[in-house]
Amino acid sequence: MMKVQASVLLEQERDWETVTLELQPPQEMEVLIRVQYAGLCRSDEHRRHGGAGGGGVYPLIGGHEGSGVVEEVGPGVTRLKPGDQVVLSPVPQCGLCKYCLSGRSRMCELQMNVATGMLPDGTYRNYLDGRPVGGFCILGTFADHIVVPQNSCIKIPDWFPLHAAALLSCGVPTGWGSAEYVGQISGGDTVMVIGAGGIGINAVQAAAFLGAGQVIVVDPVPFKREFSMTVGATHTAATIEEGAQLARDLSHGTGADVTIVTVGVMTPEVSAGALEATGKGGRLVLTATADVAYDVNVQIAGNRLSLYDISLLGNLYGKCHPHYDIPRLARLYDQGHLKLDELITQRYGVDQVAQGYADVLDGKVVRAVLEHAH
């Protein structure tokens with residue numbers, strides 16, 4: 001076994017701690033990855049409180065966004081070789097269940113292992129004091145080396161910067177897909193994005209790219225509102241009420257054609273306000289989640305939803321397909337249509353994850369990344 005450094009959750013409601021793990025070599029259809037960068041997505045912090053999937057076991061290695069380099073491949077691996085650069089997908093795909101075969105791979109039945117990190121063969125590769133430990137989303141990119149299924153890896157060109165690639169794991173496709181695939185934004189639409197963090201800011205980029213007439217960003221943090229104007233927002237507001245009034249004014253009284261909710265923690269007040277901001281025939285996209293998995297965190301006025309013919313849309317991973325959409329988004333970055341480097345406002349080491357999430361909760365960063373020292 002090799003020794004690796006990782007930031008883990010030892011117990012629910014306990015903060016992130018750095019430990020030394022023992023890692024077994026890759027088995028059938030698995031690869032060993034030297035992780036270079038990991039995104040500090042809010043979903044990992046939700047896991048600290050038992051949210052983002054519910055259930056699960058502790059200890060748990062954090063990190064479901066990441067990029068790195070293949071160091072070793074197990075038997076049967078045909079798609080990758082040592083030295084390949086990869087983006088790590090938080091959406092496991094077996095390729096055989098009814099969801100994969102019907103074009104909904106983001107809902108693969110392997111999702112049942114997201115909160116435990118159990119590998120498809122029912123075992124683990126990481127050990128802490130002799131106890132098996134899983135990685136969030138069958139990854140655990142807060143460890144400097146991980147063993148994952150080859151289907152969790154999307155190969156990218158050798159020239160692609162790995163710090164930018166890490167964001168393509170989750171935050172970018174979830175935000176971009178919230179606008180394109182779920183919100184189905186059309187040219188001239190009035191769009192409101194509530195929450196300008198690592199997911200919402202990519203919904204803003206997508207809305208602008210898709211030709212929205214107005215893109216209103218709602219966020220209480222002034223620097224996030226200012227930053228959103230550099231990636232496609234046309235108007236900003238500090239509260240949902242202010243944003244809703246802007247949407248009505250800009251649409252001649254109708255309201256937002258598409259409202260996308262990407263706040264850090266979903267609450268009934270946020271969902272109720274988002275519905276009020278959405279105009280007749282509009283689409284309300286709920287991308288945000290709550291800290292506790294089974295909280296009742298959405299409040300909807302049924303009459304408004306029905307009589308205004310508003311579509312209420314749940315959203316997992318922006319309805320993206322990792323092996324298709326991650327390379328597509330990488331091309332948009334290469335073509336200058338998608339900003340990634342600018343989104344990274346702070347970098348942390350493996351022993352600074354707790355501080356990193358404190359900064360995320362304080363609204364000090366748009367997107368933070370963990371940079372592993374090798």
Side-chain angles (χ1 to χ4, degrees), residues 174-288 297-315 318 337 339 343 363 366:
T174 299
W176 190 282
S178 296
E180 182 178 12
Y181 294 143
V182 188
Q184 299 181 0
I185 291 170
S186 299
D189 278 350
T190 296
V191 177
M192 188 163 82
V193 178
I194 305 174
I199 291 176
I201 208 68
N202 293 297
V204 173
Q205 293 203 76
F209 180 78
L210 295 166
Q214 295 89 26
V215 182
I216 304 163
V217 168
V218 177
D219 199 289
V221 180
F223 109 85
K224 288 186 177 181
R225 296 199 300 271
E226 293 166 9
F227 182 83
S228 71
M229 298 290 289
T230 70
V231 295
T234 59
H235 301 77
T236 66
T239 67
I240 297 176
E241 293 74 19
E242 292 174 17
Q245 188 58 54
L246 265 174
R248 287 188 286 269
D249 292 343
L250 294 168
S251 62
H252 306 289
T254 302
D257 296 297
V258 181
T259 303
I260 303 172
V261 183
T262 54
V263 296
V265 180
M266 175 64 85
T267 66
E269 294 75 20
V270 169
S271 60
L275 178 61
E276 286 297 315
T278 307
K280 291 187 291 185
R283 293 174 294 284
L284 173 54
V285 179
L286 300 183
T287 303
N297 54 75
V298 174
Q299 178 176 301
I300 294 297
N303 281 354
R304 181 177 177 86
L305 195 73
S306 298
L307 299 177
Y308 279 60
D309 193 19
I310 295 171
S311 298
L312 178 64
L313 302 163
N315 175 23
H337 300 303
K339 293 185 178 182
L343 305 187
V366 174

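Residue numbers count from 1 along this sequence. Quick note: numbers below take in every heavy atom, side chains included, and nothing from hydrogens, waters or symmetry partners.
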Rounded to the nearest 0.5 Å, the CD1 atom of Ile194 sits from the CG atom of Leu286 at a distance of 9.5 Å
Between Ile240 and Val218, the two heavy atoms sitting closest are N-CG1, 3.6 Å
Check: Does Arg304 reach the main-chain N or O of Glu276 with its side chain, forming a donor-acceptor pair under 3.5 Å?
Finding: yes
ask   = Distance-only, no hydrogens or angles: does the Thr262 side chain make a donor-acceptor pair with backbone N or O of Ile199 under 3.5 Å?
value = no
One should read off an interatomic distance between Asp249 CG and Thr254 OG1, to the nearest 0.5 angstrom, of 11.5 Å
Rounded to the nearest 0.5 angstrom, the CG-CD1 distance for Leu284 and Ile300 is 5.5 Å
To the nearest 0.5 Å, atom CG of Leu343 lies from atom CG of Asn202 at 5.5 Å
Of all heavy-atom pairs linking Val191 and Ala212, the shortest is CG2-CB, 3.8 Å
- Message: With a 3.5 Å distance limit and no angle check, can you tell me whether Lys339 reaches the backbone of Thr230 through a side-chain donor-acceptor pair?
- Response: yes
_Under a plain distance cut-off of 3.5 Å, with no hydrogens placed, do Ser178 and Asn315 share a side-chain donor-acceptor pair?_
yes
Quiz prompt | Val261/Met266 under side-chain contact (heavy atoms from CB on, under 4.5 Å): CA gap, chis, key distance, verdict | solution = CA-CA 8 Å; Val261 183; Met266 175 64 85; 3.6 Å; yes
Item to complete: Kindly indicate whether the side chain of Asn303, heavy atoms from C-beta on, has any atom under 4.5 Å from the side chain of Tyr308.
Response: no
For Ser228 and Asp219, what are the C-alpha separation, side-chain angles and deciding distance, and is it a side-chain contact (heavy atoms from CB on, under 4.5 Å)?
CA-CA 10 Å; Ser228 71; Asp219 199 289; over 6 Å; no
Sorted by chain and number, sequence neighbours left out, ring-ring contact (aromatic ring centres under 6.0 Å, His included) with Phe209 holds for Trp176, His337
Using a distance-only test with no angle check, is there a side-chain donor-acceptor pair under 3.5 angstrom linking Gln214 and Thr190?
yes
Between Ala179 and Ala203, the two heavy atoms sitting closest are CB-O, 3.8 Å
For a side-chain contact (heavy atoms from CB on, under 4.5 Å) check, start with the C-alpha distance between Val193 and Val204, then their side-chain angles and the critical distance, and finish with the verdict. CA-CA 7 Å; Val193 178; Val204 173; 4.0 Å; yes
So CG of Leu275 and CD1 of Ile310: to nearest 0.5 Å the spacing works out to 5.0 Å
Does Val258 form a side-chain contact (heavy atoms from CB on, under 4.5 Å) with Ile260? I'd like the steps, not just the answer.
CA-CA 7 Å; Val258 181; Ile260 303 172; 3.9 Å; yes
When rounded to the nearest 0.5 Å, the distance separating CD of Gln205 from CG of Leu210 is 11.5 Å
Taking every heavy atom of Ala237 against every heavy atom of Gly243, the minimum-distance pair comes out as CB-N, 3.5 Å
Give a yes-or-no answer on whether the side chains of Thr278 and Thr259 include a donor-acceptor pair shorter than 3.5 Å. yes
Electrostatic pair Asp309:Arg283 at N-O distance under 4.0 angstrom: no
> Arg225 side chain to Val217 main-chain N or O, any donor-acceptor pair under 3.5 Å?
Replying inline: no
